[in-house]
Amino acid sequence: MKTAFLGLGVMGGHMAANLAKSGYSVNAWNRTPNRPGTKIAASGGANIVSSINEAIESADVICICVGDVPDVEEVVLGKNGAVRSAKPGAIIIDFSTIGPEAVRRISSQVQSRQLSFLDAPISGGDIGAEKGTLTIMVGGDREAFETCKPILETMGKTIFYCGPSGSGQAVKLCNQVLCSLHMVGLCEAMLLAKRQGIDPQMVIEICSTGAAGSWALSNLGKKVANSDFAPGFMIQHILKDLRLVQDVLPSENALPGVELADKLFQVVSDLDEEGASQGTQAMIRAYLESVSENTAE
């Protein structure tokens, strides 16, 4: 099958590269040329093209990995979007996190043009994207999923079919709740370790082996301890995801943990120009800012 990959950001660049390395013909496009992800995709064997139309005109499967609902709508349904020039019967796989409601709306319009649409949000960060070990949660037509499963397996280690359209997004929102609250626990454990004169690296090494172990602790704990805030998954994106989580539930059923995580991420986003584009491990800056303010008082 010929493939296209639209969106070569922190995740997409590695995913397109892994797809090409596995032997698939990949035409790849990014809205902003000459980004690091574009070079990563090209180094893996993807053919970088200058337009969506050029990327998808002969593609059997069209992969998309962009930021938010308006981005997906533009790439899929816009005046130069994929539905305008995709060949009949093509399957669109959207790896973005945009929530179940938006997926069902977009999927309905895609299917009206004799195309298939799978929502396939991902988890595993830039590390998982680079190593090809992502977890991929898929919603949509089961037959289209089975057709695309070999493609998904070039990018992910754990592939789940979750149900009809929007189901992948629903599971991903639950995943983001867990990721956000894991980060709260990680940051507070690091601060507690320092307050007691304990090396945070030792806490990470020991606690990763027991009941407190988590992906966040094993992969982001050292970054928190070393004040390494380079993004694997940006704060601006987790804020978007938590907005989608809160949109699902009425206000009377609010999730207090999500509200706390959202508040802490927002503090970092507002601190300076870099805040929103730093990795989620930069949540520790919100705690340090609070400590700094209390010390000043």
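- In the model, Lys2 has no side-chain atom that pairs as donor or acceptor with a side-chain atom of Ser25 under 3.5 Å.
- Minimum heavy-atom separation, Ser269 to Ile235: CB-CG2, 4.2 Å.
- Shown here is Glu101, whose CD atom has no more than 12 heavy atoms of other residues, nucleotides or ligands within 6.0 Å.
- Asn53 and Ser85 form a side-chain donor-acceptor contact under 3.5 Å, judged by distance and modelled atom types alone.
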Test side chain to side chain donor-acceptor pair (under 3.5 Å) on Gln111 and Ser107; report intermediate values, then the result. CA-CA 6 Å; Gln111 291 179 62; Ser107 179; 2.8 Å; yes
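- Between the Arg35 side chain and the Leu8 main chain, no donor and acceptor come within less than 3.5 Å of each other.
- The distance from atom CD1 of Ile64 to atom CZ of Phe5, rounded to the nearest 0.5 Å, is 9.5 Å.
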Side chain to side chain contact (heavy atoms under 4.5 Å, CB included) for Leu6 and Ile62? Distances and angles first, verdict last. CA-CA 8 Å; Leu6 312 178; Ile62 301 164; 3.9 Å; yes
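- Between Ala46 and Ala20 the shortest heavy-atom distance is N-CB, 3.7 Å.
- Although no hydrogens or angles enter the test, the distance criterion places no donor-acceptor pair under 3.5 Å between the side chain of Ser108 and the main chain of Arg105.
- Connection of Tyr161 to Phe117 is not established within any shared hydrophobic cluster, with ILVMFWY side chains joined at heavy-atom distances below 4.5 Å, either directly or through further cluster members.
- Using a 4.5 Å cut-off on side-chain heavy atoms (C-beta onward), Met283 and Phe265 make contact.
- For the pair Arg31 and Glu74, the salt-bridge criterion is met [side-chain N within less than 4.0 Å of a carboxylate O].
- In this structure, Val177 and Leu173 have side chains that are not in contact, with every pair of non-hydrogen atoms separated by 4.5 Å or more.
- With a 4.5 Å cut-off on side-chain heavy atoms, Val203 and Met190 count as touching.
- Clustering ILVMFWY residues whenever any of their side-chain heavy atoms sit less than 4.5 angstrom apart, transitively, puts Val10 in a cluster other than the one holding Ile122.
- At a cut-off of 3.5 Å, with distance as the only test, a side-chain donor of Gln278 or Arg285 sits close to an acceptor on the other residue.
- Rounded to the nearest 0.5 angstrom, Tyr287 OH and Glu188 CD are separated by 3.5 Å.
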Apply side chain to side chain contact (heavy atoms under 4.5 Å, CB included) to residues Val76 and Asp94 and explain how you reach the verdict. CA-CA 9 Å; Val76 177; Asp94 179 32; over 6 Å; no
Run Glu259 and Gln246 through side chain to side chain contact (heavy atoms under 4.5 Å, CB included) and show every step you take. CA-CA 9 Å; Glu259 292 178 348; Gln246 294 176 88; 3.9 Å; yes
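- Taking 4.5 Å as the limit, some side-chain heavy atom of Leu217 sits within range of a side-chain heavy atom of Cys207.
- A donor-acceptor pair under 3.5 Å links the side-chain atoms of Asp119 to the main chain of Gly166, judged by distance alone.
- Checked by atom type, the side-chain pair Asp262/Gln266 shows no donor-acceptor distance below 3.5 Å.
- Nearest heavy atom pair, residue Met183 against residue Gln281, reads SD-CA, 3.8 Å.
- Residues Thr38 and Ile40 fail the side-chain proximity criterion, which asks for heavy atoms closer than 4.5 Å.
- Criterion: ILVMFWY side-chain heavy atoms under 4.5 Å apart, direct or through other members. Under it, Phe145 and Met15 are part of a common hydrophobic cluster.
- In this structure, the side chain of Ser112 engages the main chain of Gln109 through a donor-acceptor pair within 3.5 Å.
- The closest donor-acceptor contact from the side chain of Lys172 to the backbone of Thr97 lies at 3.5 Å or more, if one exists at all.
- Atoms SG and CD, from Cys174 and Gln169 in turn, are 11.5 Å apart once rounded to the nearest 0.5 Å.
- A donor-acceptor contact under 3.5 angstrom links the side chains of Asn175 and Ser123, judged on distance only.
- Between Asp68 and Arg243 there is a salt bridge, with a side-chain nitrogen of the basic residue lying less than 4.0 Å from a carboxylate oxygen of the acidic one.
- Side chain to side chain, Glu143 and Thr147 fail the donor-acceptor criterion of an N or O pair below 3.5 Å.
- Contact of the Leu191 side chain with the Leu288 side chain is registered, since non-hydrogen atoms from C-beta on lie closer than 4.5 Å.
- Summarising the geometry, atom SG belonging to Cys179 is positioned 9.0 Å from atom CG belonging to Asp241; distances are rounded to the nearest 0.5 Å.
- Of all heavy-atom pairs between Ala225 and Gln201, the closest is CB-NE2, 3.8 Å.
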List the steps and the verdict of side chain to side chain contact (heavy atoms under 4.5 Å, CB included) for Ile284 and Phe229. CA-CA 10 Å; Ile284 192 68; Phe229 304 137; 3.5 Å; yes
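- Among all heavy-atom pairs drawn from Leu134 and Gly125, the shortest one is CD2-O, 3.8 Å.
- To the nearest 0.5 Å, atoms CG (Leu264) and CG (Leu239) are separated by 10.5 Å.
- Here Ser96 contributes atom OG and Met11 contributes atom CE; the two are 10.5 Å apart, rounded to the nearest 0.5 Å.
- Looking at Asn30, its side chain never comes within 3.5 Å of a backbone N or O of Pro33 through a donor-acceptor pair.
- Of the possible donor and acceptor atoms, none in the side chain of Ser218 sits under 3.5 Å from a partner among the backbone N and O of Trp215.
- Screening Leu152, Ile91, Val103, Val110 for a side-chain contact (heavy atoms from CB on, under 4.5 Å) with Leu118, the sole residue that qualifies is Ile91.
- Linking ILVMFWY residues whenever their side-chain heavy atoms come closer than 4.5 Å, directly or via other members, leaves Leu260 and Leu271 in distinct clusters.
- The minimum heavy-atom distance linking Ala59 with Lys87 is given by the pair O-CE, 3.5 Å.
- Placement of Val26 and Ile52 in two distinct hydrophobic clusters is found when ILVMFWY residues are connected by side-chain heavy-atom separations under 4.5 Å, directly or transitively.
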